[in-house]
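Following: one structure in structure tokens, then a few remarks.
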Amino acid sequence: MTIDKTFDPAAIEAKWYAHWESTGAFRPERLNAEPYTIVNPPPNVTGSLHIGHALDNTLQDILIRHARMQGKDALWVVGMDHAGIATQMVVERQMAERQQKRTDFTRDEFVAKVWEWKEESGGAITGQLRRLGCSMDWENERFTMDEGFSKAVIKVFVDLYNQGLLYRDKRLVNWDPRFKSAISDLEVETREVNGHMWHFKYPLAAGETYTYVERDADGIVTLEEERDYIAIATTRPETMLGDGAVAVHPGDERYKQIVGKLCEIPVGPKEHRRLIPIITDEYPDPDFGSGAVKITGAHDQNDYGVAQRNNIPMYRLMDEVASMRSDGVPYSEAAAQAKAIAAGGQWTAADIDALNLVPDAYRGLDRYEARKRVVADIDADGLVIAVESKTIQQPFGDRSGVVIEPMLTDQWYVDAKTLAAPAIEAVRSGAINVVPKSWEKTYFNWMENIQPWCVSRQLWWGHRIPAWFDKDGNIFVAEDEAGAQALAGEGVELTHDPDVLDTWFSSALWPFGTLGWPAQTSELDRHYPNDVLVSGFDILFFWDARMAMQGIHFMKEVPWKTLYLHGLVRAADGSKMSKSKGNTVDPLGLIDQYGADALRFFMAAMESQGRDIKMDESRVAGYRNFATKLWNAARFAQSNGIGGSQSISAPKAELAVNRWIIGEVVETVEKLNKAFAEFRFDGMADVIYHMVFDQFCDWYLELIKPAYVDGEKGEMDEESKTVAGWVLDQILVMLHPFMPFITEELWHALSDPTHPRKYDIIHAKWPAPNASADRAAIDEVSWVIETISKTRSFKAELNIPPGTRLTANIAAPQVSTAAIIERQAAALSRLGRIDQFVYSSVDTNNVAQIVVGDDTIVYALDGVIDLSAERVRINKAIEAATKERDALAGRLSNAAFTEKAKPEAVEKARADHAEKAAEAERLTAALARLG
RNA sequence: GGGCGAUUAGCUCAGUGGUAGAGCACUCGCUUCACACGCGAGGGGUCACAAGUUCAAACCUUGUAUCGCCCACCA
């Protein structure tokens, strides 16, 4: 098959992908081979391929194709994530377009609609991953909500519950008022926003007063006055309605006199205002604000802790959309009940929760509207001390973008601390190898301070929590309702917990749930632990850490031996890509424009030690050019009768140029293997790029190019054809993990028609040349390259047309040089335009001279030469050589260096010095010869 | 407040102790029969700053500055 003149990626990509997939190439039967496993981070079923996926999946595909070529039983597990909140959002948004909402349907109807959506519109990304060339095992594609996987999820829940590692608790959770659901700590992002801090007076009960004294650091009194109030600062006045106490630091002298007394919350109808105690707690910082803090246990994380420690009631003020509550008895009655409780009555958390302490006038108001009203009312009473403008740290839902409200609710929690301990140990002991290692510290820091993980979500789309309640609130956890009924006893009426599980709870099981667990399948046996997990560091806590915890807990073994973390792909200006900013780059557009191979190579070349990657389209274009270069090299090979090689071992070779290029292949394989062992993707790309461009195309192909004799193209020698064919094959194989499409195309195009390829390159064997570098060949080719380069160089600098043919004179050549010249005459003539070498001096000083190794080559020029330019040129070279010579001499004359430096370093310095000195000498002689 | 990372050529980035590198961009030359998405030849950097360790520092130590990210309960 003749290779087309132009390289058109689109023309070959679809063809080869379809071929691989239809022939089962991604998962060859290799039951006796060493297993190699990667599980793909399941993309959201709603997702489409973004640039981050392109990076993540390219890296994995490089690893899996490499492993496959090493003959391993390479399995790349693929599937999709049901993505609870994200998917429910998408479907609800579509409903909204038709003036429908979720609650127009029953839960079952809604869930059925989501499934319908999933079947029709979900999973667009799988086609896009194929376009990128990813060689996943599509035959066994999984979904986090498919039957088998769901079974694993339920079992994990039940087991953790029975082991006491999962429990139901009423705590302050991050409540997302838009989704009307709890979310985990990780799903909250703190942003700095402009806000205010209000300073209010909380009047002391019954008009009491005290002497307020403030002192500076030296104890000098700076303020002394009678006060009938305690000053409180808050950024959230609307939560005052739920205050249970005012706290001061136990060592705060200013308030000692009034600790234990009562003060009044200055909001609401005056006749019903509540009194709250002034207590002490370590939490308040005497140096901040007034040093006194109002305690609203139900709406603030810090206050929650104080309230718990001091048994202060926590009054919930808001409803599920974070508006002020409007349920319950009228405020007057509620306030009376609260007063009774405060006076020492018996109360339970449920009693408190039922109590709505929002004054009637504020009921049903949005929290921010309520804030305005509260502030206005306090102001009207003259109790505002000051209003400060201030940037405050505010929690936002990472998906909803709305302000999170801490709320006291019943949720399910995983005892993450217990599960984290062995996961920490696994990294510490090296059972999990974190690459780059610098991420270990971040991992440890988070894991060591891990908090209980809230796993219940008040959504409809997801794994329904396998818990049932009787009417007294007793909990029965079992894999199904019958099991729960059995636990509860016959005839007990049960209600199924309406909540679903956090999406990450299920995806944490991905490394073993996809392999058939809880069944003990052979797949599970072979492919767990996985070999590598490739993930962006942005999901280190969300996903990676949780996989480590769940994997070790349920499988008694780490989920993967290596955790490779890569960075983010950023926009060209370094900013984060986001749809809202409109600065995203579509990987599919890049594939259309430059080809998947070019995009993949770009990703590999830019991936270095987990650093972020700045998008640079010109580099993608550069790697498209690289692919074109390879394409044309293959065309050249084909036109010279160079076909596919049938050999893994390097062919025998006599010619120096062939022995040299075989050595280059050997070296490239070694460097590539090292880079793979170290997960240095940029290193891999660099090595193969230079092998193809510099060694193979720029020199080797040029050196073996047949000469034209009388206008007729000469025939290439057989040895070079054989070697070139073998080298090109090794290049294609080594490049295949990075550029799968073009290499597969060329692999077949280059096959010898009489001996077609026995297999696709995707199954070719990774190079093992069984050869070594050849010193003599390297020296010979290096001499040729240097001579040609320097000859071209002086022509360019002296403005001599590059095509000018010259005779080279060497007065007294080294014996080895003469031999090289004799063998390489054709190459020197064609590439260096050197007609002949004459071993004598020239009788003119109208010359250009170059120094190559121990020889000075003199070119006599027919008056065309600008001697002053040649002097400048040689002087520059002398300067460079003497500078280096002198630097080395300086070092060598330093006794401290020769005595203390490593012997190899001294030896090398001596050798380099001798060489530079000789070169300087020769150049100086050359300059003198110009007269 | 704690932690991590970055600072090297115009741009994007490699380089962890022994004479500063790549790609792109730039300059000059080339219709050399694989390739102008090309070929050849060049220019361009006191490696953020300061001090220290060392025979020797872009690289190790300490500090400073600037930028970025993550974590954290100052109302």
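Chain letters run A, B, ... following the sequence lines, proteins first and then strands; every chain starts at 1. Treat the numbers as computed from the prediction; the structure is a model and nothing was measured. These values consider heavy atoms only, across backbone and side chains, with no hydrogens, waters or symmetry-generated copies.
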If you check the Lys629(A) side chain, which of C13(B), U19(B), A34(B) turns out closest?
A34(B)
Write down the distance separating the C1' atoms in G23(B) and G15(B), rounded off to the nearest Å.
15 Å
A9(B): pairing nucleotide in any strand, Watson-Crick or G-U under 3.5 angstrom
none
Rounded to whole angstroms, how far apart are CD on Glu702(A) and C1' on A34(B)?
9 Å
Distance in angstrom units between Gln301(A) CD and A72(B) P, rounded
11 Å
To the nearest angstrom, the CZ-C1' distance between Phe626(A) and A36(B) comes to 19 Å
Salt bridge flag under 4.0 Å for residues Glu879(A) and Lys876(A)
no
P atoms of C47(B) and C11(B), separation to the nearest Å:
16 Å
Could you tell me whether Lys417(A) and Glu448(A) make a salt bridge, using a distance below 4.0 angstrom between a side-chain N and a carboxylate O?
no
Between A75(B), C4(B), U19(B), which nucleotide has the shortest distance from any of its atoms to the side chain of Thr235(A)?
A75(B)
Considering every strand and a 4.0 Å limit on heavy-atom distances, what is the contact class for Arg680(A): base, sugar-phosphate, or nothing?
sugar-phosphate
Pairing partner of C74(B) (Watson-Crick or G-U wobble, both distances under 3.5 Å)
none
Filtered N/O pairs between nucleotides 22-29 of chain B and protein, under 3.5 Å:
none

Less than 4.0 angstrom from a charged side-chain N to a carboxylate O is my criterion; do Lys390(A) and Glu388(A) meet it?
no
Candidate nucleotides C4(B), A75(B), C55(B), ranked by approach to the side chain of Lys441(A) - the nearest
C4(B)
Watson-Crick/G-U partner (both atom distances under 3.5 Å) of G38(B)
C30(B)
Would you mind telling me which of C55(B), A41(B), C35(B) lies closest to the side-chain atoms of Asn894(A)?
C55(B)
Report the residue (Ser793(A) or Ala621(A)) whose heavy-atom-nearest nucleotide on RNA chain B is the more 5′ of the two.
Ala621(A)
Indicate yes or no: at least one non-hydrogen side-chain atom of Asp573(A) is less than 4.5 angstrom from one of Lys614(A).
no
Given A34(B), A75(B), C55(B), the nucleotide with the shortest approach to the side chain of Arg635(A):
A34(B)
Is there a side-chain contact between Lys902(A) and the phosphate of G17(B), meaning an N or O under 4.0 Å from OP1 or OP2?
no
Is the distance from OP1 or OP2 of G18(B) to the nearest side-chain N or O of Lys908(A) less than 4.0 Å?
no
How many Å lie between CZ on Phe693(A) and P on C37(B), as a whole number?
12 Å
Proximity to the side chain of Lys614(A) - top-ranked nucleotide from C55(B), C13(B), A75(B)
C13(B)
Nearest-nucleotide pick for Phe541(A), side chain only, options being C71(B), C55(B), C73(B):
C71(B)
Could you walk me through whether Thr296(A) and Tyr304(A) pass the side-chain hydrogen bond (donor to acceptor under 3.5 Å, both in side chains) check?
CA-CA 7 Å; Thr296(A) 319; Tyr304(A) 177 72; over 6 Å; no
For G17(B) and A34(B), measure between their P atoms and round to the nearest Å.
45 Å
Report the base-pairing partner of C69(B) (Watson-Crick or G-U wobble, both distances below 3.5 angstrom), or none.
G3(B)
Closest to the side chain of Arg611(A), out of U19(B), G43(B), U7(B), is U7(B)
C49(B): pairing nucleotide in any strand, Watson-Crick or G-U under 3.5 angstrom
G63(B)
Between G44(B) and C28(B), how many Å separate the two C1' atoms, rounded to a whole number?
15 Å
When the ring planes of Phe200(A) and Trp198(A) are compared, do they come out parallel, tilted or perpendicular, using 30° and 60° as the limits?
parallel
For Glu915(A), is there an ion pair with Arg910(A) - N to carboxylate O distance below 4.0 angstrom?
no
Presence of salt bridge, Glu189(A) and Arg191(A), under 4.0 angstrom:
yes
When you measure from the side chain of Glu797(A), which nucleotide among G42(B), U12(B), G68(B) comes out closest?
G42(B)
Could you tell me how far A65(B) sits from A72(B) if I compare only their C1' atoms? Round to whole Å.
25 Å
Students often get this wrong, so: under 4.0 angstrom with heavy atoms, is Asn449(A) touching a base, only sugar-phosphate, or nothing?
nothing
How is Arg624(A) classified with respect to the nucleic acid when contacts are heavy atoms under 4.0 Å: base, sugar-phosphate, or nothing?
base
Strictly below 4.0 Å, N to O, side chains only: are Asp912(A) and Lys916(A) in salt-bridge contact?
no
On RNA chain B, nearest-nucleotide positions of Val188(A) versus Asp285(A): which is more 5'?
Val188(A)
Please list, one pair per line, the donor and acceptor atoms closer than 3.5 Å that link side chains of residues 679-689 of chain A to other protein atoms, with sequence neighbours excluded.
residue	atom	partner	partner atom	Å
Arg680(A)	NE	Asp682(A)	OD1	3.0
Arg680(A)	NH2	Asp682(A)	OD1	3.3
Arg680(A)	NH2	Asp682(A)	OD2	2.8
Asp686(A)	OD1	His690(A)	ND1	3.3

Nearest listed nucleotide, side chain of Val293(A), among A75(B), C37(B), A14(B):
A75(B)
